[in-house]
Amino acid sequence: MPNSTPARYTSTAIALHWLMFALIASGFALAVYMTGLPLSPQKLKYFSWHKWIGVTVFMLVVARLAWRLTHPAPALPAMMPAWQQRAAALIHAALYALVLVIPPTGWLYSSATGVPTVYLGLLQLPDLLEKDKALAAQLKLIHVTLNYTMLTLVVIHVAAALKHHFVDRDGVLRRMLPFIKPAGE
């Protein structure tokens with residue numbers, strides 16, 4: 001691993017970032033849509049898809065963290081105020097924590113409802129809890145609250161990236177965009 005920090009994220013880091021974004025956005029949109037539907041085979045299929053997305057996101061975040069530990073992130077611009085650098089670090093840490101915690105809360109919720117999680121319709125994951133209606137209600141609230149917390153942080157993350165791109169013009173966003181090289185490269 002080189003001692004200097006790179007000018008942009010690696011292709012692997014960029015691919016994992018955007019793949020996870022697409023999966024998380026799809027899983028969130030699917031959840032919002034499916035929860036308003038009456039009980040039906042279609043709704044149950046959507047719940048399965050939602051669980052599959054969650055399991056996949058969990059596996060990808062583990063891979064992404066392993067990659068990140070061995071491949072340093074590009075340095076932030078020297079002219080960026082210290083408070084913005086701290087805020088960026090906190091938001092990134094919180095997003096990683098949420099992506100690690102949200103899928104297991106969904107799995108716990110599913111277990112407490114007595115509905116198994118069968119990944120891709122092939123691999124039944126073990127139930128983590130006994131069926132418990134009261135606990136399921138609490139876990140559902142936790143799962144939903146964590147997801148809306150993540151949505152809030154993603155909006156802040158996107159707004160900050162756009163501010164850096166259009167207002168500061170400092171190249172921060174370009175480091176994570178596929179197929180676009182940072183200025184000066």
Side-chain angles (χ1 to χ4, degrees), residues 1-32 48-107 117 119-123 125 143 146-185:
M1 186 166 63
N3 289 335
S4 64
T5 58
R8 64 183 278 116
Y9 286 92
T10 64
S11 296
T12 300
I14 292 169
L16 286 169
H17 175 273
W18 292 107
L19 177 58
M20 288 180 60
F21 169 76
L23 287 170
I24 291 168
S26 298
F28 188 88
L30 182 60
V32 169
S48 290
W49 292 355
H50 178 75
K51 292 177 186 184
W52 299 351
I53 291 169
V55 171
T56 303
V57 164
F58 184 79
M59 290 186 296
L60 288 172
V61 76
V62 169
R64 187 169 174 194
L65 282 168
W67 186 262
R68 178 70 174 76
L69 289 172
T70 58
H71 297 80
L76 294 170
M79 69 277 221
M80 183 185 293
W83 73 267
Q84 286 184 15
Q85 292 185 26
R86 285 190 303 275
L90 286 172
I91 296 264
H92 282 106
L95 287 170
Y96 274 116
L98 286 167
V99 176
L100 278 169
V101 170
I102 289 171
T105 65
W107 186 7
T117 298
Y119 185 59
L120 301 176
L122 302 171
L123 176 64
L125 302 180
H143 188 65
L146 290 174
N147 272 282
Y148 278 99
T149 300
M150 183 166 59
L151 175 64
T152 302
L153 292 178
V154 166
V155 168
I156 293 167
H157 178 69
V158 169
L162 293 174
K163 179 237 182 224
H164 280 284
H165 189 70
F166 292 109
V167 176
D168 298 342
R169 299 179 188 269
D170 59 12
V172 168
L173 176 61
R174 295 175 68 88
R175 302 172 324 158
M176 186 51 85
L177 292 176
F179 314 116
I180 297 176
K181 298 288 183 198
E185 227 183 74

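From a predicted model like this one, the values you see are computed outputs, not experimental measurements.
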Acceptor/donor pairs from residues 54-62 side chains to any protein atom, 3.5 angstrom cut, sequence neighbours excluded:
residue	atom	partner	partner atom	Å
T56	OG1	W52	O	2.8
T56	OG1	Y119	OH	2.6

Minimal heavy-atom distance between P72 and P6, with the atoms involved, is O-CG, 3.5 Å

Open item on the list: Donor-acceptor check, side chain of H50 to backbone of L30, threshold 3.5 angstrom: yes or no?
Closed with: no

For V172, does its backbone N or O pair with a side-chain atom of R8 as donor and acceptor, under 3.5 Å? no

Please tabulate, one pair per line, all N/O donor-acceptor pairs under 3.5 Å involving side-chain atoms of residues 78-99, not counting sequence neighbours.
residue	atom	partner	partner atom	Å
Q85	NE2	M80	O	3.0
H92	ND1	A88	O	2.7
Y96	OH	R64	NE	3.4

If you measure from [atom1] on [X] to [atom2] on [Y], what distance do you get to the nearest 0.5 Å?
X    : Y    : atom1 : atom2 : result
W107 : T117 : CH2   : OG1   : 7.5 Å
R175 : H164 : CZ    : NE2   : 9.0 Å
I102 : M150 : CD1   : CE    : 3.5 Å
T10  : R68  : OG1   : CZ    : 10.0 Å

ask   = Hey, mind stepping through L162 and V167 against side-chain contact (heavy atoms from CB on, under 4.5 Å) and telling me if it holds?
value = CA-CA 8 Å; L162 293 174; V167 176; over 6 Å; no

Quiz prompt | Side chains of Y148 and F28 in contact at under 4.5 Å (non-hydrogen atoms) | solution = yes

Side-chain atoms of residues 15-26: list all donor-acceptor pairs with protein atoms under 3.5 Å, sequence neighbours left out, distances to 0.1 Å.
residue	atom	partner	partner atom	Å
W18	NE1	M176	O	2.7
S26	OG	A22	O	2.8

